[in-house]
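In what follows, a structure is listed as C-alpha cells, so that the remarks can point back to it.
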Amino acid sequence: MAERVIPEEPKATSDKYEVVHSKSAAFYPEYERKAELKHQTHYCPGCGHGVVHKLIAEALEDLGVQDRTILVSPVGCSVFAYYYFDVGNVQVAHGRAPAAATGLKRACPDKIVIAYQGDGDLAAIGTAEIIHAANRGEKVTVFFVNNAIYGMTGGQMAPTTLVGQRSTTSPWGRRPVNEGFPVHVAELLSSLQAPVYIERVALSDNKNIMKARRAIRKALELQRDGAGFSFVEILSPCPTIWGKDPIEARKWVAEQMIPNFPLNVFRDRKVEIPNNNVPPHKTVAEVLGNDEPATGDAVPARRHHHHFRELGIKIAGFGGQGVLLLGQLLAEMGMREGLEVSWLPSYGPEMRSGSAHCHVCLSKDRIGSPLLSRPQILIALNEISLRKFAAEVAPGGVILYGREKLPEDLSLPQAQVVCVPAPEIADKLGLAKVANIVMLGALLEETECLSPATAMTVLEAKVKNPTLLDLDRKALDAGRLYIDHTVAVGAVTQADGFAQ
Ligand SMILES: Cc1ncc(C[n+]2csc(CCOP(=O)(O)OP(=O)(O)O)c2C)c(N)n1
Ligand code: SF4
C-alpha cells in the first residue's frame, strides 16, 4: 500500500519569529509582549487559559463571527486576552464583565459579545453581575474558567476552592465551618429561569477537552442565532499556584475537581420569556419628549452652523450654583440641534456648597467617552474651580470665569479668558440663582457653539413658572449683551479679553 502523505500544515510566519504551530486566524499574527518574552505567551506552562483561548478562537473562526465579536477581558491572569484575540476588545474592572457585556450587547445587538472570567473574578467580586445578567437572560456568552484559586494574585482562596484545599488564605485547607463550602456556579445559575444553555466541562484530558470545544462552540452558536444567555464553566488547571507540574495538574482536575464539580449539561433549552413587556424602541430624544420640532422663534434643529466636530465643555463650581443644570441645558440644546451629546456629572456628598462639576460633550460623531481630560471650554463659576481646572483646558481653548476679574496672581496664557460678573448681573435682575443662565448667554455669544434660540426653547420646555422663565430670558440676554457690549470692546480684566 502506498504510503499516505500527510500534507504539512501551512506555517504562520512573522518577520520577527517563526510560528511553529498553525494557529487560528482569530488570534493576532504576533503577540505584542515585552521583547525578551516574545516567544511565549504570558500564561504558565500547562495553564488552562491558553487552551480555552485556543478553543474560543477556533470556534470564532469556524463560525465566521470574528469580525463582529467583542471580547470582554477580566481582571485575573487572562486580563491580557486582548493581546491574543484579533476581535473587538474591552477590558473591565474586576467582576464587571457581565455588566459591561450587557451594555455592549444591548447597544450593538448584532455583535457576538463574550465575557471571559476567572473564578475569583466571576464568583467572588462579580457575584452580583453574573447572577443578574443570567437572570435577565442577556444574550451574551460567558466563559467561566474555574481553577479553584486566585491565580494572578498568588493563590488566595476563591469561592470555588475545594474543601480541604490549601491556599495562602486557608493554609490549613478550606474548612466549611470557617470558610464555607465551594460555590457551584453552574448549578446556581441553573436555578434561574432565563439562561438557555449552561454546561460544565473540564480540561482534564483530551476527551474532555474535545467536549469543552463542543460546549464553547455551542454557546457561541446559540448567541449567533439570537438565543439568550449561554454559560460554560471550564474546570481548568493552574499548575503554578497548585505547585504541580502540568501533567499532575491535569490529573488533579480529573481526580479532585470533577468529583466536586460534576460535569453536566445543566440547561439546554430555549426558555420561554413572555414577550409582552418588550421595551419600546424609541430614540433618547423621543423618550425625553424632545423630539418635537422647535417652535415659535426657535431655530429648527440643524439650522445652526456648528463650527466644531467635537466640543468638550467643563462646568465647575459649587453645589447650588446650577452647575449640573447648566450642563443638562447644553446637552439638551445639542440634542435639539441634531448633535450627539453626553453629560457626565460629578459632585461631592454634600448637596449644597460642596464642589460640583460636569462634563458636556457636543459632537457630530458618536462620542467615545463622556469624560473630558482636555476640555476646549471651561466655565468656572468660582475661584476654587478656576484654580483647580484651568490647567486642563486645551491650548487655544476658552475659559469663562464667572467673576469680574481674574485673581491677580493667576496667569492663564494657554487659553482665552473671559471674565463675566454673573452674580452681580443676576442680582441686578433680581434673582441670584440665574447667574448660571447669564453664563450660558455669555458662552453662546462668545463661542457661538449653539443657538440662543435653542436655549430659549429648552428653557421654555423646562421652566414652567412664567416669572422664572422671564428671568431666565433676561439672564440669557444679559450674558450675551455683556459679551457684546463689554467684553467685545475690551473692558475686562485683561485688556483684549485674552490672557497676557
Ligand atoms: C477591585 C479589585 N480587587 C482586587 C484586585 C486584585 N486581583 C487581581 S486578579 C485577582 C484574582 C483573580 O483570580 P481569578 O478570577 O480566579 O483569575 P485567575 O488569575 O485565577 O485566572 C484579584 C483579587 C483587583 N485587581 N481589583
Ligand atoms: S498562575 Fe495559574 S492561572 Fe495564572 S497563568 Fe499561571 S497557571 Fe495560569
Side-chain angles (χ1 to χ4, degrees), residues 31 33-34 37 39-56 71-85 90-101 114-131 133 142-162 165-170 174 179-180 182-186 188-189 200-204 209 212 231-254 256-257 260-261:
Y31 303 144
R33 298 215 64 215
K34 291 179 197 141
L37 298 172
H39 59 289
Q40 61 186 47
T41 71
H42 69 266
Y43 298 118
C44 309
C47 174
H49 280 305
V51 179
V52 182
H53 277 29
K54 181 173 153 73
L55 300 181
I56 295 174
L71 181 83
V72 185
S73 302
V75 166
C77 280
S78 48
V79 61
F80 298 124
Y82 51 73
Y83 281 147
Y84 302 104
F85 288 93
V90 178
Q91 200 274 315
V92 295
H94 215 0
R96 307 300 179 254
I114 301 171
Y116 185 106
Q117 301 188 261
D119 45 334
D121 190 66
L122 179 143
I125 197 165
T127 327
E129 282 73 13
I130 187 63
I131 288 185
V142 178
F143 294 125
F144 171 42
V145 182
N146 176 1
N147 57 18
I149 205 83
Y150 283 21
M152 180 185 234
T153 39
Q156 296 86 354
M157 195 193 85
T160 47
T161 297
L162 303 186
Q165 185 184 340
R166 287 172 198 269
S167 72
T168 56
T169 47
S170 58
R174 182 178 195 158
E179 289 93 22
V183 175
H184 291 74
V185 178
L188 203 65
L189 298 186
R200 182 185 289 125
V201 295
L203 306 181
S204 50
I209 291 176
F231 179 89
V232 182
E233 175 172 342
I234 303 143
L235 305 182
S236 171
C238 172
T240 304
I241 300 293
W242 293 353
K244 301 183 189 308
D245 69 32
I247 310 274
E248 284 172 356
R250 270 196 181 195
K251 234 172 123 196
W252 200 81
V253 173
Q256 300 298 324
M257 288 189 80
N260 279 284
F261 293 106

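Since we're looking at a predicted model, the values are computed, not measured. As the structure lists them, so they are numbered: ligands from 1, and atoms in each ligand from 1. No hydrogens, no waters, no symmetry mates; every other heavy atom, side chains included, goes into these values.
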Report task. Show which atoms of ligand 1 fall inside a sub-4.0 Å distance from at least one heavy-atom site of Val75. Result -> 8 (C), 9 (S), 25 (N)
Query - Proximal candidate to atom 26 (N) of ligand 1 [heavy atom criterion; set His94, His49, Arg96] - result: His94
Query raised in the report: Would you say Trp242's side chain and Asn147's backbone share a donor-acceptor pair under 3.5 angstrom?
Result: yes
Requested in this report: May I ask you to test the Ile209-Leu55 pair for a side-chain heavy-atom distance under 4.5 Å?
Outcome: yes
Requested in this report: With rounding to the nearest 0.5 Å, note down the distance linking OH in Tyr84 to NE2 in His42.
Outcome: 4.5 Å
Requested in this report: Kindly identify the option in Asn146, Ile149, Ile125 whose heavy atom sits closest to atom 1 (C) of ligand 1.
Outcome: Ile125
Query raised in the report: What atoms in ligand 1 come closer than 4.0 Å to a heavy atom of Gly76?
Result: 9 (S), 12 (C), 17 (O), 19 (O)
Query - From Asp121 atom CG to His94 atom NE2, the distance as rounded to the nearest 0.5 Å - result: 5.5 Å
Report task. Could you check which of Thr160, Thr153, Thr161 puts a non-hydrogen atom nearest to atom 7 (N) of ligand 1? Result -> Thr153
Report task. Report the part of Ile149 in contact with ligand 2, treating N, CA, C, O as backbone and CB onward as side chain, heavy atoms under 4.0 Å; options are side chain, backbone, both, neither. Result -> neither
Query raised in the report: Is the Tyr116 ring parallel, tilted or perpendicular to the His53 ring (thresholds 30°, 60°)?
Result: perpendicular
Report summary line: Quick note on ligand 1: atoms under 4.0 Å from a heavy atom of Cys77 include exactly 18 (P), 19 (O), 21 (O)
Requested in this report: Fit a plane to each ring of Phe80 and Tyr83, take the angle between them on a 0 to 90° scale, and name the class: parallel (under 30°), tilted (30 to 60°) or perpendicular (over 60°).
Outcome: parallel
Report summary line: When distances are taken from atom 15 (O) of ligand 1, the protein heavy atom at minimum range is Asp121 N, 2.7 Å
Report task. Check whether any N, O or S atom of Cys77, backbone or side chain, sits closer than 2.8 Å to atom 2 (Fe) of ligand 2. Result -> no
